[in-house]
Structure formats: structure tokens, C-alpha cells
Protein chains: 2
Amino acid sequence: MRVLIVEDDPLHRSYLHEAVRAALPECDLVVEAENGQSGEIEARKARMEHVVMDLQMSERNGIEAARTIWRERPDTKILFWSNYSDEAYVRGVSRIVPEGATYGYVLKSASDERLKLALRSVFVESQCVIDREVRGIQQKSLGNAHGLTDAEYEILVDVALGLTDKAIAQRKRLSLRSVQNRLQQLYEKLDVYDLPDDGMEGWYNLRMRAVAVALLRKVLNSSALERAERELHDRGSS
Amino acid sequence: MRVLIVEDDPLHRSYLHEAVRAALPECDLVVEAENGQSGEIEARKARMEHVVMDLQMSERNGIEAARTIWRERPDTKILFWSNYSDEAYVRGVSRIVPEGATYGYVLKSASDERLKLALRSVFVESQCVIDREVRGIQQKSLGNAHGLTDAEYEILVDVALGLTDKAIAQRKRLSLRSVQNRLQQLYEKLDVYDLPDDGMEGWYNLRMRAVAVALLRKVLNSSALERAERELHDRGSS
DNA sequence: CTTTGTCCTGCGGAAACCCGCAGATTTTGC
DNA sequence: GCAAAATCTGCGGGTTTCCGCAGGACAAAG
């Protein structure tokens with residue numbers, strides 16, 4: 001068995017290396033990459049079928065790297081190992097996992113034991129292992145109590161990029177009014193109408209406030225924004 | 001000499017501990033704290049005069065912790081040790097440094113040597129040590145080529161929180177038009193008028209786009225947003 | 001087949017935004 | 001001390017948001 005480690009922090013990288021060695025004695029080769037860019041290259045070059053991947057790296061983050069790796073070999077087993085359980089990351093990951101692929105999502109705050117167990121479960125037993133906390137986020141984001149639907153999430157991203165209603169309508173092939181309808185739903189879901197103690201009305205610019213709340217709740221994060229921005233420019237020139 | 005380490009990642013914490021031991025043999029006590037909250041408490045309890053501080057921790061981030069520590073004992077020597085050189089962090093730090101205080105700012109990507117040298121320089125020699133890269137950001141943010149003035153930065157934060165022009169005017173004791181003037185300056189500085197290739201005009205909502213650009217350029221980040229949000233609520237109820 | 005629910009669409013208006021213009025005030029530099 | 005530069009302010013308008021109301025398309029349930 002060969003394992004590829006993609007992680008930008010040297011300390012975490014060597015810790016991971018150690019953990020892999022200890023948990024997977026049948027592993028005869030461990031390759032390290034220090035960002036998504038080179039991670040993709042290594043995966044392609046050595047046909048790695050087992051990857052431990054950090055999210056949040058410069059150059060090219062884990063989600064993008066995982067997507068291209070899975071696009072080339074959908075049977076690759078990927079264990080995501082991240083500091084955070086932001087809804088933006090969780091949503092980003094579930095968005096790109098191919099049909100039937102096996103993957104895991106463990107937090108860096110988890111114990112040694114949990115990490116090693118996850119390594120064996122995912123790589124050897126082909127079982128999906130999702131950290132309890134991450135699972136919770138996943139549920140909440142689907143259970144439509146406060147969770148956003150895909151439609152709402154997409155419009156949130158477009159708004160956050162700074163597009164006007166008209167621009168969004170054009171991009172999404174919708175009428176202006178429909179875009180505004182979705183925006184209103186979004187405003188409800190994000191409790192934008194809650195006033196800040198003082199009974200001041202008209203205190204908030206709803207459009208901007210919605211994005212602020214989304215950022216504070218980690219529904220959105222800057223890495224998701226960066227991805228969307230690149231996509232916007234690509235599509236814009238195609 | 002006694003040193004306090006405030007850092008949430010266990011691996012980085014023990015690495016730091018090691019580095020302090022090696023670089024400062026005259027140090028006879030090292031205390032560790034795993035977030036800003038307990039960092040403040042430890043600093044107060046043991047009257048620590050030397051602190052190594054991570055930025056970006058949950059609970060209470062390094063900037064806030066440093067501020068309260070410095071408020072109580074302005075002669076405390078603090079070495080910031082961070083993953084990022086976001087303009088938002090750099091600006092946040094310089095905003096809270098007391099007159100004549102000695103401090104340092106090193107990136108985690110720096111070498112062992114650099115870290116140890118910085119430890120000695122700041123704690124023993126009372127010299128300020130700012131990482132070259134961080135220094136660059138600092139210069140750029142002051143050199144008004146593309147850098148924002150304090151006034152512009154403050155309005156950016158208010159806008160990013162989702163306040164309306166009127167609300168900002170009230171908070172800042174300015175007329176509506178003055179707020180809008182500052183906004184226009186902001187739009188210029190952030191190149192919001194640049195259109196995305198396609199000659200589409202009216203494509204961007206300037207207010208939102210400005211914040212998006214600020215986030216993408218790391219002039220703003222979510223930790224700065226969180227801080228501002230708390231401040232908003234505190235002042236709102238006072 | 002009807003009903004119910006969900007989504008899209010157009011219309012119209014109140015409010016907020018963006019901004020040029022021009023006068024008043026303050027700050028800066030010499 | 002005075003001129004230049006930078007800021008603050010009010011006015012007026014064009015544009016964009018925000019949203020209630022009302023009608024149409026389509027699918028699922030009774």
C-alpha cells in the first residue's frame with residue numbers, strides 16, 4: 001500500500017507520517033506534498049490510491065486538489081484532516097465526492113487513536129468515517145431548520161462576490177424577481193431581520209448583513225469565496 | 001526569566017516549548033495556555049513579562065488577549081507567532097501596541113534559527129523584530145498607493161458588518177454624505193470599478209464588491225469581522 | 001380531476017444607494 | 001499669516017434594492 005500526504009504545515013506533516021507508519025504497517029511507501037498543486041502532481045505521477053489531505057492550504061486548497069484527483073481516479077480513497085468543521089468546508093467536500101467513493105473527515109483536534117482508526121477504516125476497510133462533529137454540521141445544513149438549500153447557498157455566493165441582482169439573474173437564467181425572491185428566503189434563514197437590541201429599524205443593509213452573518217456562522221469562508229471568484233472569471237471569459 | 005506560551009495547536013505548542021528551552025537557557029519557567037482566554041488568566045496570575053502568542057485561536061484570539069495583557073502591564077514583551085501575514089492581522093496588531101512596547105512578529109514558516117533569534121532579541125535585548133514579509137505588508141498598508149487609511153478601514157468594517165449608510169453616520173457622528181464620500185474613496189482604492197473583462201456595466205454592487213475584494217486581498221478577515229461584531233453589540237447596549 | 005404546495009414571473013412603489021456639484025470648515029505647508 | 005489641500009456638509013437626481021400583491025406553470029397528494 002502507498003499513501004500520499006498533502007499538508008502544508010511541516011509539523012503536522014511529520015506527525016501524520018508517523019501516524020500512517022504506525023497505523024498501517026502494510027504501507028510500504030509514504031509520499032509527502034506540501035500543497036494542493038504538488039499534491040495533484042504526485043497523485044498522478046505515482047497513481048496513489050490513498051491520500052490524506054489537509055484543507056486550507058495556500059496555492060491550491062484541499063477541496064480543489066481532491067476534486068481533480070477524484071476526477072482522474074474516482075476510486076481514490078481520501079481522508080480529509082482539517083482544523084475546522086466550518087459548514088463551508090463540509091459543504092465543499094460533500095459537493096465533490098463522487099458516487100460511491102470512500103472518504104473520511106477527521107478533525108485535527110481528534111485523538112491519536114481516532115486518527116489511526118480512521119486511517120485503517122478508510123484505507124483498509126473502505127469505510128466512510130465522518131467525525132461526529134462534522135456529521136453534526138452536515139445534518140444541520142441539510143435539515144432545513146436553519147440550513148440553506150443549494151439554491152439559497154448559490155445565490156449567497158453570488159451576492160457575496162458582489163454581483164447585482166440583474167447580473168445574477170443573467171448568470172442563473174432567472175428573472176430579476178426570482179432572484180429577489182431567493183434573496184428574501186435567504187434573509188429569513190439567516191435571521192437578518194433581527195435588530196440589534198436597540199429598536200433601530202433600517203439599521204442593516206440586508207444584502208451585506210446576510211453575507212456578514214454567513215461569514216460569522218462559517219456558512220461561508222474566504223476559501224469558498226476565492227473558489228467562487230476564480231470560477232466567475234473563468235466562466236466570464238468562456 | 002519566565003515565559004508564557006499561548007497557542008492552541010498541541011504540536012505547535014510543544015515545538016514552541018522546545019524552542020524556548022533551547023534559545024533561552026536562562027528561562028526557568030515555561031507556562032502553556034491553549035487559548036486567549038486562559039492566556040490572559042495565566043499572564044495575570046503569574047505576572048508573566050514574556051509571552052509568545054499565536055493569533056487565530058478560538059474562544060479569544062491573540063490580538064484580543066494581547067490587548068488586555070498590555071492594558072494591564074504595558075511593559076510585557078510579546079512575540080506574535082502566526083501562520084499568516086494577512087493585512088488584517090498586521091493592522092490589528094499595530095493598532096494595539098502601546099507606546100514604546102517591545103514586540104515581535106514571526107511567521108510559522110520561518111526557520112528554527114529565525115524563531116530562536118527572535119526569542120532572544122525580543123525577550124533579552126528588548127528589540128522589536130518584525131518578519132521581513134510582515135514588514136512588507138505593514139509598509140504597503142501605510143504607503144498610500146493602495147493602502148487604506150484608518151478612516152477608510154473603519155468604514156470598510158462598518159460596511160462589512162452590514163450597517164446602512166445612515167447607521168454608520170450615526171455611529172461615527174458624521175453626516176450621511178460624508179459617509180458616502182468615504183465609501184467612494186474606498187471604492188477607488190479597492191479597484192471596484194474594474195469590470196470583469198466583459199464590458200458589462202452595472203455588474204457589481206459596489207458596496208458588496210468592495211467587501212468581497214477586501215476579503216480576497218486579506219485586508220479583512222473573519223477574525224477581524226468577529227471582533228467588530230462583538231464591539232458593535234457592546235457599544236450598542238451601552 | 002381537483003387541490004395543495006412550491007416555484008417562477010411581472011408590476012409598482014418606498015427606501016436605500018451612488019454620486020456630481022458647490023459651499024463651508026479644518027488641516028497642512030511654507 | 002495665508003494659500004493650498006483635504007474634509008465635511010447639503011441638495012438633487014438617477015439607479016438599485018427590498019418587498020407586497022397577483023397571476024401562471026408544474027408536481028405531488030387526495
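Just so you know, these numbers come straight off a predicted model, no measurement behind them.
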Taking NZ, NE, NH1 and NH2 as the nitrogens, is one of them in [X] or [Y] under 4.0 Å from a carboxylate oxygen of the other?
X	Y	result
A:Lys108	B:Asp9	no
A:Arg73	A:Glu49	yes
A:Arg67	A:Glu40	no

In whole angstrom, give the distance that lies between atom [atom1] of [X] and atom [atom2] of [N].
X	N	atom1	atom2	result
A:Leu186	D:dT17	CG	P	15 Å
A:Ile155	D:dT17	CD1	C1'	13 Å
B:Leu176	C:dC17	CG	C1'	9 Å
A:Ile168	D:dT16	CD1	P	14 Å
A:Arg209	C:dC17	CZ	P	15 Å
A:Arg182	C:dT6	CZ	P	15 Å
A:Leu163	D:dT17	CG	C1'	15 Å
A:Gln185	D:dT17	CD	P	18 Å

**Prompt:** Which part of the nucleic acid, if any, lies within reach of B:Leu183 when heavy atoms closer than 4.0 Å are counted: base, sugar-phosphate only, or nothing?
**Reply:** sugar-phosphate
**Asked** B:Leu206 near the nucleic acid: base, sugar-phosphate alone, or nothing, with a heavy-atom cut-off under 4.0 Å?
**Response** sugar-phosphate
**Message:** Is B:Tyr193 close enough to C:dC19 that one of its side-chain N or O atoms is under 4.0 Å from OP1 or OP2 there?
**Reply:** yes
**Message:** Just N and O in the side chain of A:Ser178: are any of them under 4.0 Å from OP1 or OP2 of C:dT9?
**Reply:** yes
**Asked** Going by heavy atoms in the side chains, are A:Leu232 and A:Arg171 under 4.5 Å from each other?
**Response** yes
Give the nucleotide from the list [options] with an atom nearest to the side chain of [X].
X	options	answer
A:Asn205	C:dC17, C:dC8, D:dG10	C:dC17
B:Gln184	D:dC19, C:dC19, D:dT9	C:dC19
A:Ser175	C:dG10, D:dC18, C:dC18	C:dG10

**Prompt:** Under 30°, 30 to 60°, or over 60°: which ring-plane class applies to A:Tyr103 and A:Trp70, parallel, tilted or perpendicular?
**Reply:** perpendicular
Does [X] get its side chain close enough to the base of [N], under 3.5 Å, for a donor-acceptor pair?
X	N	result
A:Gln180	D:dC19	yes
A:Arg177	C:dG12	no
B:Asn181	D:dT9	yes

**Item:** Whichever of B:Tyr204 and B:Leu174 has its nearest DNA chain D nucleotide further upstream toward 5'
**Value:** B:Leu174
